[in-house]
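Have a look at the structure below before the remarks.
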Number of protein chains: 2
Amino acid sequence: MVRKISSAVIRRLPKYYRYLDELHQSGVTRISSHLLAQRMGFTASKIRQDLNCFGGFGQQGYGYNVDNLRAEIGEILGLNRSCKAILLGAGNLGRALINNFKFSRCGFELIAAFDLDPAVVGTEINGVPILNIDSLDSFVEEHHPEIAVFTLPSEVALEMAARLEKLGVKGIWNFARHEIRPASTGINVENVHFEDSLMTLCYMINDKKEK
Amino acid sequence: MVRKISSAVIRRLPKYYRYLDELHQSGVTRISSHLLAQRMGFTASKIRQDLNCFGGFGQQGYGYNVDNLRAEIGEILGLNRSCKAILLGAGNLGRALINNFKFSRCGFELIAAFDLDPAVVGTEINGVPILNIDSLDSFVEEHHPEIAVFTLPSEVALEMAARLEKLGVKGIWNFARHEIRPASTGINVENVHFEDSLMTLCYMINDKKEK
DNA sequence: CTCCTATTGTCAAACATTTCACATAGAGAA
DNA sequence: TTCTCTATGTGAAATGTTTGACAATAGGAG
């Protein structure tokens with residue numbers, strides 16, 4: 001019987017990983033739920049509850065072994081599998097990701113980007129070849145990337161998602177303005193909404209002002 | 001008696017705004033909670049419950065007036081106040097935001113960016129002047145921007161947040177790897193975590209694969 | 001080896017969010 | 001105007017998440 005892990009817990013795993021990694025970097029080898037809670041701004045109880053979804057990683061009277069816990073969470077997230085990723089839309093944001101974002105830290109390897117601007121097609125950015133969007137289908141059929149990063153214009157995002165789903169792509173990391181909702185359960189979508197995020201901040205500062 | 005609005009509701013407001021804007025663009029003037037729910041992938045009940053936190057915007061037997069509801073939500077979010085924003089760190093991501101992101105849509109106006117690279121300081125990107133980080137304090141004291149966008153190296157994010165808080169900045173839109181937790185209740189932070197988001201997607205595709 | 005202390009794993013209570021169900025108000029047709 | 005039907009607003013139930021409390025277990029001191 002595999003108990004379903006709640007999405008609230010899943011969304012916290014990367015944070016745990018990040019903080020544990022940081023502790024690891026600074027040479028800390030053990031940590032109690034209480035201390036970790038203090039650092040992360042959670043309650044100790046929540047942390048213990050979360051970690052227990054996956055098994056008893058801790059030891060009573062001792063706490064958690066930082067390296068071990070970090071490795072376990074990395075394993076749960078699947079960060080060590082180095083899945084292939086492609087990127088669609090080598091505009092400003094796309095190029096920023098190609099140049100700076102550490103895909104490998106998140107379990108991916110960026111193998112190619114696609115665009116239709118002749119000025120960039122055929123070039124390479126940070127070791128990643130920029131290919132013509134026309135060659136997308138054949139490329140995907142040959143290399144079977146697991147996910148696609150959408151840094152393309154909103155208007156084409158939906159049809160592109162459908163196209164990639166047919167080609168067997170498993171996930172979309174979507175930066176386009178309009179969110180993509182998976183048509184079937186076959187594809188996973190993670191939307192990153194800059195506007196939503198900034199609007200929320202707008203609400204927060206205006207809300208405070210009124211008081 | 002002002003009832004506290006739950007943060008789950010607040011986080012959905014930008015989505016409502018986005019969908020209503022879209023409906024508005026396509027000339028739709030009225031919408032029922034049921035139809036909107038279908039579009040957004042929510043339940044009709046949730047939508048009615050959410051909107052009712054702020055007052056009865058709908059009419060029985062008719063539904064909601066698209067323009068009116070959009071305006072009301074915009075008002076609640078504070079999108080029409082055009083608060084001033086500055087950006088710290090004109091690297092790849094910073095420049096991508098300066099060039100492409102529609103701050104005005106989210107209720108802000110980007111008035112300046114700061115960096116320490118002499119190659120960009122003194123130039124202008126998309127009409128936004130890039131200033132030397134040394135002039136930050138005096139600039140903030142003179143122009144009183146409401147928020148700062150953090151597209152700077154993680155290492156300096158925390159100290160910079162403290163510095164800006166002292167200067168009276170009300171909010172931080174943080175893209176740095178390490179999240180910023182507000183030291184006091186005086187400043188609001190909205191963290192955008194690319195890595196967390198992609199790791200979550202990593203989990204999702206690996207999770208599906210096992211079945 | 002024994003005791004004391006720290007800290008987990010876990011159950012239950014508190015709290016938050018979502019869904020359901022339906023009375024009721026208004027729109028629109030005749 | 002009157003009737004019917006649609007769709008809201010809302011209280012209550014169901015579900016999901018977080019917190020609190022504590023028994024039990026292992027570490028480490030003496």
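Below, chain A is the first sequence line, B the second, and so on; all start at residue 1.
For B:Lys46, taking side-chain heavy atoms from C-beta onward, the closest of the listed nucleotides C:dG9, D:dT18, C:dT18 is C:dT18. Nearest nucleotide to the A:Arg30 side chain, out of D:dT19, D:dG28, D:dT8: D:dG28.
In this structure, B:Phe175 has its ring center closer than 6.0 angstrom to the ring center of A:Phe194.
Counting heavy atoms from C-beta outward, A:Asn191 and A:Ile172 have side chains that stay 4.5 Å or more apart. Using a 4.5 Å cut-off on side-chain heavy atoms (C-beta onward), A:Ile205 and B:Phe108 make contact. Side-chain contact between B:Phe101 and A:Leu93 is absent, with no heavy atoms from C-beta onward closer than 4.5 Å. Put simply, the side chain of B:Phe103 does not reach to within 4.5 Å of the side chain of B:Lys84, judged on heavy atoms.
Taking 3.5 Å as the limit, the base of C:dT18 and the side chain of B:Gln49 contain no donor-acceptor pair of atoms between them. A donor and an acceptor atom sit less than 3.5 Å apart, one in the side chain of B:Gln60 and one in the base of D:dT8.
Across all strands shown, A:Phe42 has no heavy atoms under 4.0 Å from either base or sugar-phosphate atoms. B:Ser32 comes within 4.0 angstrom of sugar-phosphate atoms only, judged by non-hydrogen atoms across all strands, and of no base. B:Ser45 comes within contact range of at least one nucleobase, with a heavy-atom separation under 4.0 Å.
For the pair B:Leu69 CG and D:dT8 P, the computed distance is 11 Å after rounding to whole Å. Following rounding to the nearest Å, A:Asn65 (CG) and C:dA6 (P) show an atom-to-atom distance of 21 Å. Following rounding to the nearest Å, B:Ile47 (CD1) and C:dC20 (P) show an atom-to-atom distance of 14 Å. The nearest whole Å value for the distance from the CG atom in A:Asn52 to the C1' atom in C:dC11 is 12 Å. When the P atom of C:dA25 is taken as reference, atom OH of B:Tyr62 falls 20 Å away, rounded to whole Å. Following rounding to the nearest Å, A:Leu51 (CG) and C:dT7 (P) show an atom-to-atom distance of 15 Å. The distance from atom CG of A:Asn68 to atom P of C:dT8 is 14 Å, rounded to the nearest whole Å. With rounding to whole Å, A:His34 atom NE2 is found 12 Å from D:dG20 atom P.
For D:dG16, the OP1/OP2 oxygens have no side-chain nitrogen or oxygen of A:Ser6 closer than 4.0 Å. Within the 4.0 Å cut-off from OP1 or OP2 of C:dT7, not a single side-chain nitrogen or oxygen of A:Ser33 is found. When the side-chain nitrogen and oxygen atoms of A:Arg12 are compared with OP1 and OP2 of D:dT18, one or more of them lie within a distance under 4.0 Å. Distances shorter than 4.0 Å separate some side-chain N or O of A:Thr43 from OP1 or OP2 on D:dT19. Of the side-chain N and O atoms in B:Gln59, one or more sit less than 4.0 angstrom from OP1 or OP2 of C:dA27.
Both A:Val9 and B:Gly55 lie near DNA chain D, and the one whose nearest nucleotide falls closer to the 5' end is B:Gly55. Both B:Ala44 and A:Arg48 lie close to DNA chain D; mapped to their nearest nucleotides by heavy-atom distance, the more 5′-ward contact belongs to B:Ala44.
At least one test fails for A:Arg30 against the ring of A:Tyr64: distance under 6.0 Å to the centre or angle within 45° of the axis.
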